[in-house]
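Okay, so here's the structure we're looking at.
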Amino acid sequence: MLLREELEELEEKILSPYATLSKKSAGRLKEEVECTERTKFQRDRDRIIYSKAFRRLKHKTQVFISPEGDHYRTRLTHTLEVAQIARSIARGLRLNEDLTEAISLGHDLGHTPFGHTGESVLNEICKHGFLHNEQSLRVVDYLENNNRGLNLTVEVRNGILNHSGNNIASTLEGCIVKFADRIAYINHDIEDAIEGHILTEDDLPKDCVKVLGNTSSKRINNMIINITKNCRDKNYIRMTDEYWAMTNKLRDFMFENVYIGSVAKKEEKKACNIVKGVYNCILDDPEKFLPDEWKAMLKEQDVDRVVCDYVAGMTDRYAENFFLDQICGISGI
């Protein structure tokens, strides 16, 4: 018996009846010969980790734009923390950890330079609009692997697309990632805001601290436990009403005090100007500024779509250096 087949049998024996079994995956966009060693979802996880888009996340903003310090989160460290939280929840509920991890690792591949600031700008100026979850799916379906895509499973693709907004994933594993994403960013953004002297622990809403915990570590642990206790042997993923209310109150607090108009956003106007400038510069003369492989895409794709894809894939420093060099006439470092 192949190792993959052994793993598939093991899933059937130990996972919850509500888990998504790799053996019963709806498959890929294009049929492939099965791997002898890895399940479909393990293979998806590996493809994402080895993708160029995943590597670029280390130089993309989480919240703080161009922070002075080595310990602030990037989009990559955020992604890894989401994966850790999601796997912990999946393990507690006996759901498929491999599927959960693959979705977690791929959920933000479509994020722009300068985080949600860049996303808002592209959504405003690109005629096709822009949402990072849709772009993440576009990355794995089309842009990666020299425009051949990663050919991921239906379940992973669905989880990536539906990790944000009002969308609901078709698997419990995908639903876990949506919760893990919120748990991760609320708590690590609190830590970064404290590191940046924007907040102190004493500033946090007292009722939230009382219910959820007085440190990020305790809050994350308590939120994970709350979900696993509330949803064990259930066909849904949710917190208890009290925990969900306090989690959303803490999130609202972060929007009011950190995400909008705080010192963390002092570089936001600059970032907006960079993304707009780079986008318009390339749009005006794509033949000059697009690499050859991107120029080839113009034969099949609308120019706005190609330029948007190209700019969205940039890291913060690449976008800034392009702006300085091509628009300001100053060589970037």
Side-chain angles (χ1 to χ4, degrees), residues 1-55 57 76 79-110 133-164 167-181 231 235-237:
M1 180 181 290
L2 300 175
L3 175 57
R4 170 182 52 78
E5 294 172 336
E6 291 180 6
L7 293 172
E8 289 171 344
E9 284 194 3
L10 186 61
E11 284 182 356
E12 289 184 299
K13 290 178 181 178
I14 68 173
L15 294 186
S16 162
Y18 301 112
T20 305
L21 301 179
S22 55
K23 186 177 181 178
K24 296 183 179 180
S25 168
R28 305 181 184 279
L29 294 177
K30 300 175 185 176
E31 288 189 17
E32 294 182 7
V33 176
E34 290 276 21
C35 177
T36 59
E37 306 298 305
R38 296 167 295 166
T39 67
K40 291 183 179 69
F41 301 143
Q42 289 172 343
R43 207 174 182 188
D44 283 359
R45 174 201 59 204
D46 295 348
R47 289 179 180 184
I48 291 169
I49 288 176
Y50 283 96
S51 69
K52 291 179 179 178
F54 185 78
R55 294 197 292 276
L57 294 177
L76 178 61
T79 294
L80 296 176
E81 291 182 31
V82 172
Q84 179 273 319
I85 292 168
R87 285 200 66 149
S88 295
I89 296 171
R91 188 179 306 119
L93 296 175
R94 292 188 299 116
L95 297 175
N96 196 312
E97 289 185 53
D98 294 325
L99 172 56
T100 306
E101 184 178 29
I103 297 170
S104 299
L105 295 175
H107 82 283
D108 271 355
L109 292 180
N133 58 312
E134 294 178 357
Q135 188 69 10
S136 294
L137 184 62
R138 183 167 170 80
V139 167
V140 300
D141 277 358
Y142 176 62
L143 296 175
E144 267 296 324
N145 196 23
N146 297 317
N147 298 333
R148 293 191 297 271
L150 301 180
N151 198 28
L152 304 182
T153 57
V154 168
E155 294 79 9
V156 172
R157 295 173 59 252
N158 176 269
I160 288 173
L161 178 63
N162 295 303
H163 81 269
S164 65
N167 305 320
I168 300 175
S170 62
T171 65
L172 293 186
E173 290 83 359
C175 294
I176 285 175
V177 174
K178 189 169 186 175
F179 275 91
D181 187 29
C231 302
N235 192 24
Y236 55 75
I237 304 296

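Excluded from the calculations below are hydrogen atoms, water molecules and symmetry mates; all remaining heavy atoms, backbone and side chain alike, are included.
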Would you say the side-chain atoms of [X] pair up with the backbone N or O of [Y], donor to acceptor, closer than 3.5 Å?
{"X": "N162", "Y": "N158", "answer": "yes"}
{"X": "N96", "Y": "T20", "answer": "yes"}
{"X": "T100", "Y": "R87", "answer": "no"}
{"X": "D46", "Y": "R43", "answer": "no"}
{"X": "R94", "Y": "I14", "answer": "yes"}
{"X": "E11", "Y": "S22", "answer": "yes"}
{"X": "D44", "Y": "A102", "answer": "no"}

Check your understanding: Under a 4.0 Å N-O cut-off, is there an ion pair linking R4 with E8?
Key ->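 A salt bridge is present here (some side-chain N lies under 4.0 Å from a carboxylate O).
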**Study point:** Under-4.0 Å salt bridge between K40 and E34
**Key:**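 So K40 pairs with E34 through a salt bridge.
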Between [atom1] on residue [X] and [atom2] on residue [Y], distance to nearest 0.5 Å:
{"X": "K178", "Y": "S104", "atom1": "NZ", "atom2": "OG", "value": "14.0 Å"}
{"X": "F54", "Y": "I48", "atom1": "CZ", "atom2": "CD1", "value": "8.5 Å"}
{"X": "H163", "Y": "N133", "atom1": "NE2", "atom2": "CG", "value": "5.5 Å"}
{"X": "E101", "Y": "L105", "atom1": "CD", "atom2": "CG", "value": "5.0 Å"}
{"X": "F41", "Y": "T153", "atom1": "CZ", "atom2": "OG1", "value": "5.0 Å"}

**Study point:** S51 side chain near R47 side chain, heavy-atom distance below 4.5 Å
**Key:**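 No; the side chains remain at least 4.5 Å from each other.
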Exercise for review: Mind checking side-chain hydrogen bond (donor to acceptor under 3.5 Å, both in side chains) for Q42 and listing every partner two or more places apart, or none if nothing turns up?
Suggested key: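 Partners of Q42 under the side-chain hydrogen bond (donor to acceptor under 3.5 Å, both in side chains) test: D98.
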Review point. Taking only residues at least two apart or on different chains, which pairs with a member in residues 143-162 satisfy salt bridge (Lys or Arg N to Asp or Glu O under 4.0 Å)?
Key: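 Listed once each, the pairs are D141-R157.
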Review point. Is the count of non-hydrogen atoms from other residues, nucleotides or ligands lying under 6.0 Å from I168 atom CD1 greater than 12?
Key: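 For I168, atom CD1 is not crowded (no more than 12 foreign heavy atoms under 6.0 Å).
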